[in-house]
Amino acid sequence: MAQAADSIRFILNDTEVAVSEVAPTATLLDFLRLERRLTGTKEGCAEGDCGACTVLVGRLAKDGQGGERLVYESVNACIRFVGSLNATHVVTVEHLAAKDGTLHPVQQAMVDLHGSQCGFCTPGFVMSLYGLWLTNDNPSRAAIEKALQGNLCRCTGYEPIVRAAEAAAREHPSAIFDPIMRTREAVTARLKALQPQETIVVGKGEDCLIVPADAASLATVLSEHPTATIVAGATDVGLWVTKQMRTLNPAVFINGIAELQRIDRTEAGLTIGAGVSYTAAFDALSSAYPAFGRLIDRIGGEQVRNMGTIGGNIANGSPIGDSPPPLIVLGAAVTLGSKDGTRTLPLEDFFIAYGRQDRKPGEFVESIFVPALHGDHFAAYKLSKRRDEDISALLGAFRVALDENNHVRTALIAYGGMAATPKRAKAAEAALIGQRWSEETIRAAQAALDTDYQPINDWRATSAYRMLAAKNLLMRFFLESTGEKAQLRRFEEVA
């Protein structure tokens, strides 16, 4: 079926939906509750933090063999825009039980093991556990806790919910009525028919939403609408709408553009399309740069990682974005696309000042190239008020190469949360280069950080805390790189 150019088409549970009148800022949560009366999906925080609004969104993704596979991911409906749903399958809690009322094993386990008290958050937990149930037949406790990072509960203490997840996994072979498992092939065929053949425009004038069919169409759209808001995962843009009541005129949704979803691996490094989510990038990044994988597990909850993109975290230029500091010390370069072609620049040069990036009207982030590490010491550390699903107060990234005499040949240090942009610590780097890799050298580099930064006070951290923590993270990097675990334990006790 050819895609109509004036409507968003997707499958909602078992019904195909065409939406031809929808605002650029319309959220999936409001659509479900107000338009479809599917009120099992709740509004809690309206910022992608509590998980009460969790639903699954299925999409076709490349399988690495040249074909496509159907992938279901938990997302926060409160900050997911309707404009981003074209050619997807939205699954809500109402779809899980059999038509005769028999509960799905995940739901039944929540009942049997008392995983619900007030019940407000329960549908969101059920959907997150259902997403895990679909992909992992025998999840470890760590996998269950990771799947639930983005769901908050004030009543149960989580232990009954974890036990429910374990019990549901044991029932996996008997769940022959599962709504997705029994219709996967049919849904795949339906989504293939909904793939856009041309750019979709819903609305008139600048008060519209646009879904480009491919990267070339995106370049054309941005040349015609240079002030448009580009929306990828919406984990940041969503809050512009729900918390700041901003308009998005027009909004250009790029999460369905195949060219921006690629990950290419070569001996030289990784090239990551700007539309690749944290979840999709996890295996490649954690394999090539293990410390990066550990960092990704600290970025938001599962829902945020399923929606948020590497390119979006770069493009919005936030001084506390989690991915720019490690990418900077890894020597990443960003490629910008436009109707006039592409240009590539070092990522650190992309950030000019607070709220300003080197992106001209009509340009968009197309991809990020991350060079191979080649044996250098590399680490990234995040500090936040809450370990999981919290914004960084400070993030430090470090990379050094040592020569055969244990002297520092090259050093790269970058922090987020210490300046108006993600920024290199060039004075500290200079204090390291050519010096013996020792505690004395680290002390000199710590002192040089006072020259590199004048951090601000805000509600996440004081200036003094940020500076002390930045120095301590540099010492931690040294201790870990030398394998001095006993020293590291003593350091952590006083840090």
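Checking side-chain atoms of N151 against main-chain N and O of S128 turns up no donor-acceptor pair under 3.5 Å. Put simply, the side chain of R298 never gets that close to the backbone of D388: no donor and acceptor are under 3.5 Å apart. Distance alone, capped at 3.5 Å, is enough to place a donor-acceptor pair between the D452 side chain and the K426 backbone. In terms of modelled atom types and a separation under 3.5 Å, the side chain of N76 and the main chain of C78 share no donor-acceptor contact. Side chain of R466 to backbone of A461: a donor-acceptor contact under 3.5 angstrom is found. In this structure a side-chain-to-backbone donor-acceptor pair under 3.5 Å is present from Y158 to C153. In this structure a side-chain-to-backbone donor-acceptor pair under 3.5 Å is missing from Y381 to A470. A distance-only check finds a donor-acceptor pair linking the side chain of T441 to the backbone of R436 [under 3.5 Å]. Remark: the backbone N or O of D297 is paired with a side-chain donor or acceptor of Q149 at under 3.5 angstrom. In terms of modelled atom types and a separation under 3.5 Å, the side chain of S481 and the main chain of F478 share a donor-acceptor contact.
To the nearest 0.5 Å, atoms CG (L96) and CH2 (W133) are separated by 9.0 Å. For the atom pair D349 CG and D358 CG, the distance stands at 8.0 Å (nearest 0.5 Å). Expressed to the nearest 0.5 Å, how far CG of L218 lies from CD1 of I257 amounts to 4.5 Å. To the nearest 0.5 Å, atoms CG (N313) and OG (S323) are separated by 3.5 Å. Interatomic distance, L412 CG to F398 CZ, rounded to the nearest 0.5 Å: 12.0 Å. Atoms OG and CE, from S463 and M418 in turn, are 7.5 Å apart once rounded to the nearest 0.5 Å.
Across all their heavy atoms, P319 and P422 have their closest contact at CA-CD, 4.1 Å. In terms of heavy-atom proximity, F253 sits nearest to P212 at O-CD, 3.3 Å. Across G317 and F351, no two heavy atoms sit closer than the pair CA-CE2, 3.9 Å. Here the closest non-hydrogen pair linking E429 and I413 is OE2-N, 2.8 Å. In terms of heavy-atom proximity, A414 sits nearest to I328 at CB-CG2, 4.1 Å. Here the shortest heavy-atom pairing between G115 and T156 reads O-CG2, 3.6 Å.
Annotation: R343, atom CZ; neighbour count of heavy atoms from other residues, nucleotides and ligands within 6.0 Å is above 12. Other residues, nucleotides and ligands place more than 12 heavy atoms under 6.0 Å from the CD atom of Q244. The neighbour count for R356 CZ, taken as heavy atoms of other residues, nucleotides or ligands under 6.0 Å away, does not exceed 12. Around the NZ atom of K360, the shell of radius 6.0 Å holds no more than 12 heavy atoms that belong to other residues, nucleotides or ligands.
Put simply, the side chain of V334 does not reach to within 4.5 Å of the side chain of E366, judged on heavy atoms. The closest side-chain heavy-atom distance from T54 to Q303 is below 4.5 Å. Residues Y415 and L449 form a side-chain contact, since some pair of their non-hydrogen atoms from C-beta on lies under 4.5 Å apart. Using a 4.5 Å heavy-atom cutoff, the side chains of R80 and N255 are in contact. Counting heavy atoms from C-beta on, the side chains of V237 and I230 never come closer than 4.5 Å. In this structure the side chain of V91 reaches within 4.5 angstrom of the side chain of M127, judged on heavy atoms. Between F292 and L327 the shortest side-chain heavy-atom distance falls below 4.5 Å. Residues L336 and T342 are not in side-chain contact: their nearest non-hydrogen atoms beyond the backbone lie 4.5 Å or more apart.
In this model, no donor atom of one side chain and acceptor atom of the other lie less than 3.5 Å apart for S277 and N306.
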key: Check against side chain to side chain contact (heavy atoms under 4.5 Å, CB included), I442 and L474   = CA-CA 7 Å; I442 294 299; L474 178 56; 4.1 Å; yes
ask   = Given the rule in the side chain to side chain contact (heavy atoms under 4.5 Å, CB included) test, do S338 and E363 qualify, once you have shown the distances and angles that lead to the verdict?
value = CA-CA 5 Å; S338 72; E363 284 188 326; 3.9 Å; yes
request  = For side chain to side chain contact (heavy atoms under 4.5 Å, CB included), just list the numbers for Y354 and T421, CA-CA rounded to whole Å, side-chain angles, deciding distance to a tenth of an Å, and then say yes or no.
outcome  = CA-CA 6 Å; Y354 182 76; T421 65; 5.5 Å; no
message = Quick one, R141 with E159, criterion salt bridge (Lys or Arg N to Asp or Glu O under 4.0 Å). Give me CA distance, side-chain angles, the key distance, then yes/no.
response = CA-CA 10 Å; R141 175 168 284 255; E159 183 62 27; 3.0 Å; yes
task = May I have the step-by-step check of salt bridge (Lys or Arg N to Asp or Glu O under 4.0 Å) for R59 and E73, ending in yes or no?
result = CA-CA 8 Å; R59 60 183 176 86; E73 296 168 323; 3.2 Å; yes
task = Given salt bridge (Lys or Arg N to Asp or Glu O under 4.0 Å), test R305 with E302 step by step and report yes or no.
result = CA-CA 5 Å; R305 293 190 292 267; E302 194 85 335; 2.8 Å; yes
task = Starting from the C-alpha separation in whole Å, work towards a yes-or-no answer on side chain to side chain contact (heavy atoms under 4.5 Å, CB included) for L347 and I314.
result = CA-CA 9 Å; L347 179 59; I314 290 169; 3.7 Å; yes
message = Is there a salt bridge (Lys or Arg N to Asp or Glu O under 4.0 Å) between K382 and D322? Walk through the geometry before answering.
response = CA-CA 8 Å; K382 171 173 176 163; D322 287 327; 3.0 Å; yes
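Each of V408, D403, N405 was evaluated against W437; a single residue qualifies, V408, per the side-chain contact (heavy atoms from CB on, under 4.5 Å) test.
Note on R386 versus D49: salt bridge recorded, some NZ/NE/NH1/NH2 to OD/OE distance being below 4.0 Å. Between K423 and E348 there is no salt bridge, since none of the side-chain N atoms of the basic residue sits less than 4.0 Å from a carboxylate O of the acidic one. A salt bridge is absent between R170 and E166: the closest approach of a Lys/Arg side-chain nitrogen to an acidic carboxylate oxygen does not fall below 4.0 angstrom.
Geometrically, K146 engages F282 in a cation-pi contact defined by less than 6.0 Å to the ring centre and at most 45° from the axis.
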